[in-house]
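Below is one structure, written out as structure tokens, with a few remarks after it.
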Amino acid sequence: MEAAALYFRFKDNLATIIGSLNSPLEVRSMPYNVSIPLEVDLLSDILRIHGLNFTSPTKGANRLQDFQQWFLQNEEAVAEVMHRVLEDKKAYMKTATGVILQKEMIIRRLEYFNETAHTLQVMMVQQKLGSPKHHNYPFLNQ
């Protein structure tokens with residue numbers, strides 16, 4: 001999916017993820033309590049470089065709710081920064097693992113939120129349809 005389309009869906013993806021995590025959907029076996037805060041922090045690092053400061057005392061996947069509230073209050077400024085970064089093919093940033101293009105960093109974060117929203121949405125539909133849990137199949141536990 002193109003970066004502009006990923007950003008266009010970003011707001012909806014945040015809402016989908018939060019809605020799914022606040023539902024009775026069973027996600028304890030999924031890595032979301034670890035991966036979501038990491039992805040929020042990585043996205044926040046890029047925004048911070050451009051003067052937008054998101055901070056949250058919340059731990060775990062609940063940090064995403066704080067980010068969503070902050071995002072909704074700063075949506076115009078975030079859109080401007082995202083547009084500027086996505087247009088700049090040479091801007092880079094130093095990370096713990098080396099140097100990476102800011103554009104690539106943003107695209108990877110947007111892809112993560114898009115894929116996570118899609119996965120959780122599929123899981124919600126399966127649950128509503130009464131699909132059996134896969135770990136109940138004896139042939140999968142061999």
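Small disclaimer: the values here were computed from a predicted structure and weren't measured. As a basis for the values below, the full set of heavy atoms in this structure was taken, side chains included, without hydrogen atoms, waters or symmetry mates.
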Self-check item: Aromatic ring proximity Phe10/Phe71, centre distance under 6.0 Å
Solution: yes
Quiz item: Quick one: does Thr116's side chain have a donor or acceptor within less than 3.5 Å of a partner on Phe113's backbone?
Solution: no
Quiz item: Which of these, Ile46, Leu6, Ile106, sits in a side chain to side chain contact (heavy atoms under 4.5 Å, CB included) with Met82?
Solution: Ile106
Quiz prompt | Joint hydrophobic cluster, Met123 plus Leu14, side-chain heavy atoms closer than 4.5 Å | solution = yes
Quiz item: If every non-hydrogen atom of Asp66 is compared with every non-hydrogen atom of Ser56, which pair is closest and at what distance?
Solution: OD2-OG, 2.5 Å
Practice problem: Spell out, as yes or no, whether a donor-acceptor pair under 3.5 Å connects the side chain of Asn74 to the backbone of Trp70. | Solution: yes
Quiz item: Hey, are His50 and Glu80 close enough side-chain-wise for a donor-acceptor pair under 3.5 Å?
Solution: no
Quiz item: Among Gln126, Met30, Gln127, which one satisfies side chain to side chain contact (heavy atoms under 4.5 Å, CB included) with Leu25?
Solution: Gln127
Quiz prompt | Salt bridge present between Glu75 and Lys11 (N-O < 4.0 angstrom) | solution = yes
Self-check item: Side-chain donor or acceptor of Asn22 paired with backbone N/O of Ile18 under 3.5 Å
Solution: yes
Quiz prompt | Separation of Ile36 CD1 from Gln65 CD (nearest 0.5 Å) | solution = 10.0 Å
Self-check item: Pairwise side-chain hydrogen bond (donor to acceptor under 3.5 Å, both in side chains) hits with a residue in residues 31-47, at least two apart
Solution: Ser35-Tyr112, Glu39-Arg109, Asp41-Arg63, Asp45-Arg48
Quiz item: From Arg9 CZ over to Thr16 OG1, what is the distance, rounded to the nearest 0.5 angstrom?
Solution: 6.5 Å
